[in-house]
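For reference, the structure discussed in these notes is given below.
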Amino acid sequence: MKKIIYIFALFLLVGCTNEQQAEETGKISVIASFYPIADFVERVGGDLVEVETLVGAGVDPHGWEMSTQDRNEIEKSSIFIYNGSGFEHWADDVIESAKETNTDFVAIESSQGLTLAEGHSHSHDHEDEAHEEAHDREGGAYDAHTWISLPNAVHQMEVIKDALSEIYPEHAEEFSSNFEKERDAFLALHERALEAFEEVKRKDFIVGHESFGYLAKDYGLTQHGIEGASSLGEPDPKRMAELVELAKETGLTTIFYDPLGSDKIAQTIASEIGGEAKELNPLEGRTQEEIDANLDYLAIMQKNINALSEALE
Ligand SMILES: [Zn+2]
């Protein structure tokens with residue numbers, strides 16, 4: 001009996017890695033860094049891929065730390081796909097060591113080729129060292145939240161499509177047709193958003209976590225962050241007073257917060273202006289509610305666009 005339990009425990013320990021699961025099902029095993037990347041890989045790979053996401057559901061990737069187990073898993077894996085542009089501050093290091101130990105290892109930086117926008121620095125004097133370091137490594141204060149723009153997301157899916165097609169040329173046709181279908185859906189939503197934002201009265205919006213820069217740029221809007229480029233920042237009273245002033249001047253009554261973070265500061269500002277705080281999801285992850293409702297990247301973007309255009313009416 002003891003032996004059986006031991007074997008069973010051993011099976012639980014070693015028997016359930018993504019790589020092995022994929023081997024059993026004949027699927028291509030991919031490790032994605034965090035939610036939107038996993039969504040993109042699944043769209044392009046369809047039934048051919050088995051995707052594992054490193055940053056767990058409901059976890060804020062800014063505060064995420066890699067465990068030894070995560071590190072081992074990446075090093076053993078053959079395909080690791082990440083956002084890049086400095087968002088995953090831990091990526092360079094693990095990619096380097098995986099390449100040293102595993103000759104099959106391929107890392108795909110999905111944001112490669114995108115033109116990065118400068119990040120805002122007004123609230124960078126908080127303790128968000130990880131994010132700061134990532135910015136420094138990129139040679140300047142760039143905004144790494146590339147995926148929040150629909151055209152950028154299409155670009156990132158295309159990078160993933162090209163890379164997977166190179167590794168698995170026998171599936172290139174399927175990856176291409178999956179990609180084209182998704183690209184059309186993403187760009188259709190982008191067109192609807194362009195129309196919606198063309199009609200809004202206000203162009204400024206206030207968000208807790210300054211992660212909508214690329215979306216704002218797409219639609220001629222300006223984001224004003226309360227907490228800076230990371231959801232882990234703390235606002236200073238001066239910044240809050242500025243934003244209260246801005247809301248009063250522009251007649252804004254909705255203050256947005258990241259559902260993976262805290263709504264406290266957005267609520268404080270909202271109550272000062274007699275407005276309300278609402279969710280705007282920068283898609284660094286999904287809430288349990290969104291997972292239960294089966295909302296994916298595109299559905300959450302649709303919700304974001306609706307909420308934002310309503311607030312700016
Ligand atoms: Zn962020």
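What you see is a predicted model, and the numbers here were worked out from it, not measured in a lab. Only this structure's heavy atoms are used, side chains among them; waters, hydrogens and symmetry mates stay out. Each ligand, and each atom within it, is numbered from 1 in the order the structure gives.
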Taking only residues two or more places apart in sequence, or in another chain, which ones meet Tyr297 in a side chain to side chain donor-acceptor pair (under 3.5 Å)?
-> none

Side-chain donor/acceptor of Asp263 to backbone N/O of Ala266, under 3.5 Å | no

Is the gap between the ring centers of Tyr214 and His145 under 6.0 Å?
-> no

Has Glu284 got an N, O or S atom lying less than 2.8 Å from the Zn ion (ligand 1)?
-> yes

Out of the N/O/S atoms in His145, what is the name of the one closest to the Zn ion (ligand 1)?
-> NE2

If you have a sec, read the angle at the Zn ion (ligand 1) from His62 atom NE2 over to His209 atom NE2, to 10 degrees.
-> 100°

With sequence neighbours left out, what residues match Glu289 under side chain to side chain contact (heavy atoms under 4.5 Å, CB included)?
-> Thr287

